[in-house]
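All values below come from the heavy atoms of this structure, side chains included, with hydrogens, waters and symmetry mates left out. Numbers here simply count residues along the sequence, with the first being 1.
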Amino acid sequence: MLSNFIQLMNDMKIRNKLILSFVVVVFVPVAIVGIFLTGELRKFAFDNALEQAYQNVDRVKKRSTEVINVADDLSYRLSYDERLRNLANRQYESVYDVFVAYREYPDLQQAIRMYKEISNIRFYSDNPTMLNNWEFLYPEDEIRSTEWYRRAEDDIGVIYWDYIEDERDQKVYLSLIKGVDLGSKDNRGVLVINVNTGMLNTILSQEAFDTIIVDNSNNIVAANRPELYGKTLAEIEDASGVVYHASGSYESVIHDEASKVLIEPLNTESGVNGLRIISIFSIDSIVADANRISKLAMTVIIISLLLAVLLIYSFSSLISNRLLRLSKHITKVGTGNLGVAMEIDGKDEIGQLSRQFNSMVGNVNDLMNEVQESNEQKRLMEQKQNEIKFKMMASQINPHFLFNALESIRMEAHLKGETEIARIVRLLGKMMRSNLEVGSGKTTIKDEIEMVQCYLDIQKFRYEDRLKYELQVDPEANRVRIPPLIIQPLVENAVIHGMDHKEEGTSIRVRVTADEGKLHVMTEDNGAGISLDRLQMIYGYLNDTDEKDGGRIGLRNVHVRLQLTYGPEAGLIIYSEPGIGTRIEFSIPTGGDSDDESVDRG
């Protein structure tokens, strides 16, 4: 069974394989995941909206409770206020006495001003000697006959909440009603505290869903819809009557629309009062965002999958076979086989790519051959040029030195004995032999310093006491190998130009040190020195690409050879001040280039 399936897949075209693999690997899983996630997303949105509704109701409950608790706390303080009892029990003999008593008890007026949650306060007392004002009232028969007044007189100390009219301004308020014991069964008072209904309406107006507060008689005492002010629950068209329940969460049809109804009791610190918060919101409004997200997600998933199927089908049919063949040829070229050639089977972009591939392979092959041949020729040419440069520059020693030396020997032979002449002739022969043996190879610092010493001894033979010299060579530097005739031209320059215009003579010092992989060479004289303009001209000559006649051939010879051998940073550095002297130095890497055995060639 498995082998048959494998054979079937092997016989299937790449285009069909791509389509089938997409359906199996992408379409089915994405569809399943999309449907699952969409359902979960809708459920999450619904639960989140419902949770938000519960939180809104809880927030309204807390803020509303804070408002009515103010009236509750105030009623507790006033019902146990001895000053209020004394005021209500006292028998007054004149209007002035009543006026003085009211003035000495401003607590009710102060409470109204202090608490914005309180709209008004009134206290009913059976004391006929008291005068009626806005706070203290004598209950008329109409007031005594009301249910709320009789209930307060019967249940002294019990707090009731009712939606009643204030006879002073004929407006209806949510009011706290409490009977107050004034000392005897026949002497009782009734305290009525009006809650600021406007504040309750403001709290409810911040909610997006219909939210109302109702009392025990189903009167709507506050709402976020102005048309419900002062109405009853009969205004709410509830098919199942769930709005009349004391508490709970229900689903019902409100005003012909499927709705969710949340009912929370609004109890105060004194206990149950019959007040409750009712929040009504449409189920469609809750799931609107969830439904919109679900539809959008499903639409995007379906469109994306359909487009993907079409694109896979189209592109796989157009490019699968030809690109596979092209890929094989590219792989061959990648392994270094530049002899392959693509078969051109069309004039479209892939056919053009095939032609360009063939052309590219041919060009790369030719270019590699040309580059290889060019590099070989360039290497041979540079090798020959460097050999010629080394030999030419190594041979550019000033011939005037030889003539002057021979003239000095001739004069000295005429004036002195043969011992000194023999030594000078030996030194001169040694130098000439070394110059003739110079090639493109390297010599050691020890041999180069011996050449320098020979040169200085010959010059000292010529100038006698006018020339003094000092050679300081680090023993570690003796075995370091350098190009030949690198230090001697610097010393020659110091002798020739250091002796100019100095009758008293010149001192020359040569110092060679080696440390940290670097060889440092310095020649110094106390001759006439070089002016700044002349020094800048010398630097320009040293770095000029074309050699000019009349320049300092020896210095340029050394400068160019150092740069050719060790790089541009290895050239000469010249310091000079007129009347003080000149110092020339350079630094080159040793690079482990040294002789293990130092041989004296003297």
By side chain to side chain donor-acceptor pair (under 3.5 Å), which residues pair with Asp457, not counting sequence neighbours?
Tyr469
For the atom pair NZ (Lys468) and OG (Ser507), what is the distance rounded to the nearest 0.5 Å?
6.0 Å
Is there a donor-acceptor pair closer than 3.5 Å between any side-chain N or O of Asn526 and the backbone N or O of Gly581?
no
Under the side chain to side chain contact (heavy atoms under 4.5 Å, CB included) test, residues paired with Leu532 that sit two or more places apart
Gln536
Evaluate Leu562 against Ile588 for side chain to side chain contact (heavy atoms under 4.5 Å, CB included), listing each step before the verdict.
CA-CA 8 Å; Leu562 287 173; Ile588 59 175; 3.9 Å; yes
State which residues pass salt bridge (charged side-chain N to carboxylate O under 4.0 Å, His left out) with Lys61; sequence neighbours excluded, sorted by chain then number.
Glu264
Are Gln488 and Glu448 close enough that some pair of their side-chain heavy atoms sits under 4.5 Å apart?
yes
Results of side chain to side chain donor-acceptor pair (under 3.5 Å) for Tyr463 - residues two or more places apart only:
none
Go through the steps to decide whether Tyr455 and Val491 satisfy the test side chain to side chain contact (heavy atoms under 4.5 Å, CB included), and finish with yes or no.
CA-CA 9 Å; Tyr455 172 79; Val491 176; 4.0 Å; yes
Which is it for Gln206 and Arg63 under the side chain to side chain contact (heavy atoms under 4.5 Å, CB included) test, yes or no, and what are the steps along the way?
CA-CA 12 Å; Gln206 299 177 7; Arg63 297 184 62 186; 2.9 Å; yes
Using only atom types and a distance under 3.5 Å, with no angle test, would you say the side chain of Arg481 pairs donor to acceptor with the backbone of Lys442?
yes
If every non-hydrogen atom of Phe586 is compared with every non-hydrogen atom of Ala570, which pair is closest and at what distance?
CB-O, 4.2 Å
Audit row: Phe461, Leu467, side chain to side chain contact (heavy atoms under 4.5 Å, CB included) steps and yes/no:
CA-CA 9 Å; Phe461 174 76; Leu467 175 63; over 6 Å; no
Donor-acceptor contact below 3.5 Å, side chain Ser205 vs main chain Ile203:
no
Shortest non-hydrogen separation from Leu542 to His559 and the atoms involved
O-CD2, 3.3 Å
Does some side-chain heavy atom of Asn478 sit less than 4.5 Å from a side-chain heavy atom of Thr444?
no
Reported CD1-to-CG distance for the pair Ile486 and Leu519, which is rounded to 0.5 angstrom
11.0 Å
Check ion pair Arg583-Glu585 (N to O, under 4.0 angstrom):
yes
Calculate, to the nearest 0.5 Å, the distance between atoms CG and CD belonging to Asn375 and Glu370 respectively.
11.5 Å
Can you name the nearest heavy-atom pair linking Ala477 to Ile445, along with the distance?
O-CB, 3.1 Å
Report the residues that fulfil side chain to side chain contact (heavy atoms under 4.5 Å, CB included) with Glu51, sequence neighbours left out, ordered by chain and then residue number.
Gln55
d(Thr590 OG1, His520 NE2) to nearest 0.5 Å is 9.5 Å
Once salt bridge (charged side-chain N to carboxylate O under 4.0 Å, His left out) is applied, do any residues pair with Glu577, and if so which ones, sequence neighbours excluded?
none
Which atom names give the shortest non-hydrogen contact between Val57 and Ser279, and what distance separates them?
CG2-CB, 3.5 Å
For Glu207, the side chain to side chain donor-acceptor pair (under 3.5 Å) test, sequence neighbours excluded, returns Arg59
In Å, rounded to the nearest 0.5 Å, how long is the span from CE of Met522 to OH of Tyr575?
11.0 Å
Report the residues that fulfil side chain to side chain contact (heavy atoms under 4.5 Å, CB included) with Ile584, sequence neighbours left out, ordered by chain and then residue number.
Leu490, Asn493, Thr523, Leu555, Leu572, Ile574, Thr582
Please give me the minimum heavy-atom distance between Gly527 and Thr506, naming the atom from each residue.
N-CG2, 4.2 Å
With salt bridge (charged side-chain N to carboxylate O under 4.0 Å, His left out) as the rule and sequence neighbours excluded, what pairs involving residues 511-522 come up?
none
With a 3.5 Å cut-off and no angle check, do the side chains of Arg466 and Gln459 form a donor-acceptor pair?
no
When rounded to the nearest 0.5 angstrom, what is the spacing between CD in Glu470 and CD in Glu524?
10.0 Å
Taking all atoms of both residues into account, what is the closest heavy-atom pair of Leu485 and Val558, and its distance?
O-CG2, 4.0 Å
With sequence neighbours left out, write down each residue that passes side chain to side chain contact (heavy atoms under 4.5 Å, CB included) with Ser249, or none if nothing qualifies.
Tyr54, Lys260, Leu262
Closer than 3.5 angstrom, by distance alone: can the side chain of Asn363 be matched with the main-chain N or O of Ser359 as a donor-acceptor pair?
yes
Leu456 vs Leu471 side-chain heavy atoms within contact, under 4.5 Å
yes
Using the side chain to side chain donor-acceptor pair (under 3.5 Å) criterion, which residues pair with Gln453? Sequence neighbours excluded.
none
